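See structure below.
Computed from a predicted structure; not experimentally measured. In what follows, chains carry the letters A, B, and so on, assigned in the order in which the sequence lines appear, proteins first and then strands, with residues in each chain numbered from 1.
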Protein chains: 2
Amino acid sequence: MTVARGSETLDRVDDPDEEPRLRIGEVARVTGLTARTLRYWEEIGLLKPFAHRGSGERLYSVAERERVTHIRELQDLLGLTLAEIQDVLASEDTLERARRAARADAPTPKRLRLLADALEANGRLVDRINERLARIKEFRDECVERGDRMRARQLELEADQRRASRR
Amino acid sequence: MTVARGSETLDRVDDPDEEPRLRIGEVARVTGLTARTLRYWEEIGLLKPFAHRGSGERLYSVAERERVTHIRELQDLLGLTLAEIQDVLASEDTLERARRAARADAPTPKRLRLLADALEANGRLVDRINERLARIKEFRDECVERGDRMRARQLELEADQRRASRR
DNA sequence: ATCCAAGTTTCCGTTCACGTCAACGGTAAT
DNA sequence: ATTACCGTTGACGTGAACGGAAACTTGGAT
């Protein structure tokens with residue numbers, strides 16, 4: 001499926017509306033990554049650009065840009081490896097399929113099934129996040145407690161000091 | 001300073017009490033790491049074993065075993081690199097020095113200064129943790145919200161289905 | 001005294017997640 | 001058409017964080 005649009009040729013055009021097509025440098029700038037990273041992610045099958053131009057130039061849509069930030073969060077905040085992220089996203093992509101099914105007027109039962117799958121994937125992710133949150137809170141509380149003990153000791157010492165200076 | 005104790009020879013003995021001396025395999029097992037990792041951490045100056053026997057065998061004390069789990073938490077929960085962890089621990093070690101100063105009957109002002117330093121380092125760490133917690137919570141809320149939207153859609157579809165089956 | 005599991009050092013290898021450089025091609029505006 | 005930039009595909013390099021094998025020593029139980 002090759003469609004001419006202006007003077008440029010796209011290998012794939014699913015929607016004819018006015019969605020902006022981003023070049024790789026654009027996406028890199030707004031997400032704070034490098035083009036290399038985006039190509040690497042594509043290399044390992046983590047992020048497929050919306051389309052390749054005949055010249056090979058990648059074109060991204062807003063959906064991919066959002067996916068990029070999502071991936072970053074999974075990476076930085078949850079400490080997942082790119083492989084684990086692939087798993088997570090594979091589950092999540094069910095949602096995308098559901099949306100496409102909606103566009104395609106798919107039968108309601110099928111759409112419901114897809115939705116249920118997406119919901120389950122989402123639930124698992126939220127569980128993971130909550131688990132991590134709990135562990136970090138625990139760790140923080142330990143640190144805070146240590147701080148409290150140190151402050152108590154500090155007061156003690158200061159009292160000693162005052163007593164000593166009084167005589 | 002070499003002291004004979006039973007038939008074994010220690011390069012360094014600071015406390016004569018009954019603190020158990022752990023061998024590397026022991027520490028590895030209880031912390032879930034490998035001996036290789038512990039040696040690596042020593043190599044980069046992250047974790048000094050309490051003592052080396054004449055043969056080169058490492059002996060750890062409880063303090064080091066705790067330090068190991070602490071490092072793991074900084075690594076896994078906060079996603080710090082070993083270099084960053086070194087920084088954090090360098091600050092935190094002030095506390096250890098403070099304790100030693102206490103043992104050595106150091107002057108109170110000095111002990112207070114050490115305590116203040118340790119407190120500040122601790123405060124910075126807690127801040128970091130809180131910041132991270134906030135970001136993760138934000139991320140979780142986004143996910144939860146998405147889930148809510150999906151559930152709403154689900155109800156809608158189910159209603160459609162019921163309407164359709166009624167006629 | 002002997003034996004072996006567990007320790008040691010040294011050195012080289014690996015995986016992950018990119019960075020970097022070269023050589024080249026296409027795009028956009030003048 | 002020229003110029004100034006993107007962008008492309010390799011290929012190789014890198015830093016962090018270890019893994020693994022070889023060759024040797026040691027501690028502790030039998």
ask   = Under the 3.5 angstrom rule, does the side chain of Thr37(B) hit a backbone N or O of Leu33(B) as a donor-acceptor pair?
value =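 No, Thr37(B) side chain to Leu33(B) backbone: no donor-acceptor pair under 3.5 Å.
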query = Hey, does the side chain of Glu66(B) reach the backbone of Ser61(B) with a donor-acceptor pair shorter than 3.5 angstrom?
reply =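 Between the backbone of Ser61(B) and the side chain of Glu66(B) there is no qualifying donor-acceptor contact (under 3.5 Å).
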Residue pairs fulfilling salt bridge (Lys or Arg N to Asp or Glu O under 4.0 Å) with at least one residue in residues 109-130 of chain A, sequence neighbours excluded =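 Residue pairs with at least one partner in residues 109-130 of chain A: Glu120(A)-Arg124(A).
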Separation of dA16(D) P from Asp87(B) CG (nearest whole Å) =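 Checked: the CG to P distance equals 13 Å.
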key: Euclidean distance, atom CD of residue Glu42(A) to atom C1' of dG7(D) [Å, nearest integer]   =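 My rounded result for the distance is 13 Å.
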Side-chain ion pair, Arg153(B) and Glu156(B), N-O less than 4.0 Å =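 Here Arg153(B) pairs with Glu156(B) in a salt bridge, since their nearest N and O are under 4.0 Å apart.
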inquiry  = Checking Glu42(B) now: which residues fulfil side-chain hydrogen bond (donor to acceptor under 3.5 Å, both in side chains) with it, not counting sequence neighbours?
reply    =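 Glu42(B) satisfies side-chain hydrogen bond (donor to acceptor under 3.5 Å, both in side chains) with His52(B), Arg58(B) once adjacent residues are dropped.
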query = Tell me, for nucleotides 5-20 of chain C in 5' to 3' order, what letter each nucleotide earns: B for a base near a protein heavy atom under 4.0 Å, S for only sugar-phosphate near one, - for neither?
reply = --SBB-------BBBB
